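The structure under discussion appears below in the form of structure tokens.
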Amino acid sequence: MPPARPETAWMIPSIAPIEAWCGPVGTAQPRLKPPPTGRDTEIVFPPADSLVGRMREITRNELTGWGLAALLDDAELVVSELVTNAVRHGGGTAVTLRVRHTGDAVRIEVTDGNPAAAKPRAAGPDDESGRGLGIVAAVSQQWGVSSDGCTTWSRLALPPGGTP
């Protein structure tokens, strides 16, 4: 397990598009909450397309620190699709990404505050969008939407012999 990080290390001060986007706690100020176990990360950030890559990077860094490199490709793909959906269709002032190591899996949750549940679409061959949830379903052991419709989640099982 990686060493515990001081709470100040859980802030996101270096994201260029967000540096000037500050406000009191309770607004959509980007922030990381320190995990109670070291295996649970929560990031709250403004809905901006430019932050999707940063959320993939944070996820990659956390999984690597937890010794779960075998899940990197699938986790980054899921984060990319779910965060992009939340940013483009959520309509709120904040998006939350939560990545949790549950022992036998990694659970990725994205909350956008929109009660309209995410639903897979049938994309045509020339469509530039509409495949994201199908991709999430293909790489996930399970996926779904919370009962209030605001959170879409994915469960990625550890590969055989994976790190507990």
Side-chain angles (χ1 to χ4, degrees), residues 1-7 9-12 15 28 30-49 51-90 92 94-123 129-164:
M1 178 186 281
R5 300 178 205 182
E7 186 167 340
W10 288 92
M11 301 307 286
I12 311 177
I15 303 175
R31 62 191 182 278
L32 284 169
K33 295 182 181 178
T37 63
R39 301 227 177 186
D40 188 10
T41 299
E42 185 174 293
I43 307 119
V44 179
F45 57 98
D49 283 331
L51 296 177
V52 175
R54 180 69 171 124
M55 296 308 115
R56 282 192 307 266
E57 178 185 350
I58 290 169
T59 301
R60 180 175 50 251
N61 292 342
E62 291 300 298
L63 293 180
T64 300
W66 298 341
L68 301 174
L71 293 179
L72 287 178
D73 291 342
D74 289 346
E76 286 185 72
L77 185 59
V78 167
V79 166
S80 186
E81 295 300 337
L82 297 185
V83 169
T84 297
N85 282 353
V87 164
R88 292 188 179 166
H89 306 295
V95 175
T96 301
L97 167 65
R98 186 170 190 193
V99 181
R100 295 185 311 155
H101 180 254
T102 62
D104 63 342
V106 168
R107 183 174 167 106
I108 298 168
E109 301 172 359
V110 176
T111 302
D112 61 17
N114 185 345
K119 296 177 189 172
R121 291 187 358 209
S129 63
R131 294 173 184 82
L133 290 177
I135 292 169
V136 169
V139 301
S140 301
Q141 181 184 42
Q142 295 176 301
W143 78 277
V145 179
S146 63
S147 60
D148 67 0
C150 296
T151 301
T152 306
W153 59 269
S154 166
R155 184 176 195 278
L156 301 173
L158 293 179
T163 305

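By convention here, the first residue in the shown sequence is residue 1. Just so we're clear, the structure is a prediction, and the values are computed from it rather than from any experiment.
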Worked verdict on V95 versus V110 for side chain to side chain contact (heavy atoms under 4.5 Å, CB included): CA-CA 7 Å; V95 175; V110 176; 3.8 Å; yes
I'd like to know whether I43 forms a side chain to side chain contact (heavy atoms under 4.5 Å, CB included) with M55, so could you lay out the CA-CA distance, the side-chain angles of the two residues, the decisive distance to 0.1 Å, and finally the verdict. CA-CA 8 Å; I43 307 119; M55 296 308 115; 3.9 Å; yes
Just how far is it from atom CG of L133 to atom OG1 of T152, taken to the nearest 0.5 Å? 6.5 Å
Pairwise distance CG(L82) to OG1(T111) - rounded to 0.5 angstrom: 10.0 Å
So which pairs with a foot in residues 100-110 pass salt bridge (Lys or Arg N to Asp or Glu O under 4.0 Å), sequence neighbours left out? R100-E109, D104-R155, R107-E109
Residues in side chain to side chain donor-acceptor pair (under 3.5 Å) with S154, at least two apart? S140
Closest heavy-atom pair, G103 versus L158, reported as atoms and distance to 0.1 Å, is O-CD1, 3.3 Å
Show your reasoning for whether side chain to side chain contact (heavy atoms under 4.5 Å, CB included) applies to W153 and Q142. CA-CA 8 Å; W153 59 269; Q142 295 176 301; 3.8 Å; yes
Distance check, rounded to the nearest 0.5 Å: L72 atom CG versus N61 atom CG? 9.5 Å
Specify the closest pair of heavy atoms between W143 and V136, including all atoms of both residues, with the distance to one decimal. CB-CG1, 4.1 Å
Got a sec, which residues hit side chain to side chain donor-acceptor pair (under 3.5 Å) with R60, two or more places apart in sequence or on another chain? E76
Mind checking what makes salt bridge (charged side-chain N to carboxylate O under 4.0 Å, His left out) contact with D73, not counting sequence neighbours? none
Could you pull out the closest heavy-atom pair between L63 and A75, with the gap in Å? CD1-CB, 3.3 Å
Between L156 and D74 the two heavy atoms that sit nearest each other are CD1-C, 4.0 Å
Test T151 against V145 for side chain to side chain contact (heavy atoms under 4.5 Å, CB included), laying out the working first. CA-CA 6 Å; T151 301; V145 179; over 6 Å; no
So do the side chains of V99 and L97 get within less than 4.5 Å of each other, counting heavy atoms only? yes
Nearest atoms (heavy-atom pairs only) where A157 meets A105: CA-CB, 4.1 Å
With sequence neighbours left out, what residues match A138 under side chain to side chain contact (heavy atoms under 4.5 Å, CB included)? none
From OG1 (T41) to CD1 (I108), nearest 0.5 Å: 11.0 Å
G90 and N114: which non-hydrogen atoms are nearest, and at how many Å? O-CB, 3.3 Å
Residues that S146 engages under side chain to side chain donor-acceptor pair (under 3.5 Å), provided they are two or more places apart: D148
Are any non-hydrogen side-chain atoms of H89 and D112 less than 4.5 angstrom apart? no
Partners passing side chain to side chain donor-acceptor pair (under 3.5 Å) against T96 (at least two apart in sequence or in another chain): none
Holding to salt bridge (charged side-chain N to carboxylate O under 4.0 Å, His left out), I want the full list of residues that pass it with R56, two or more places apart in sequence or in another chain. none
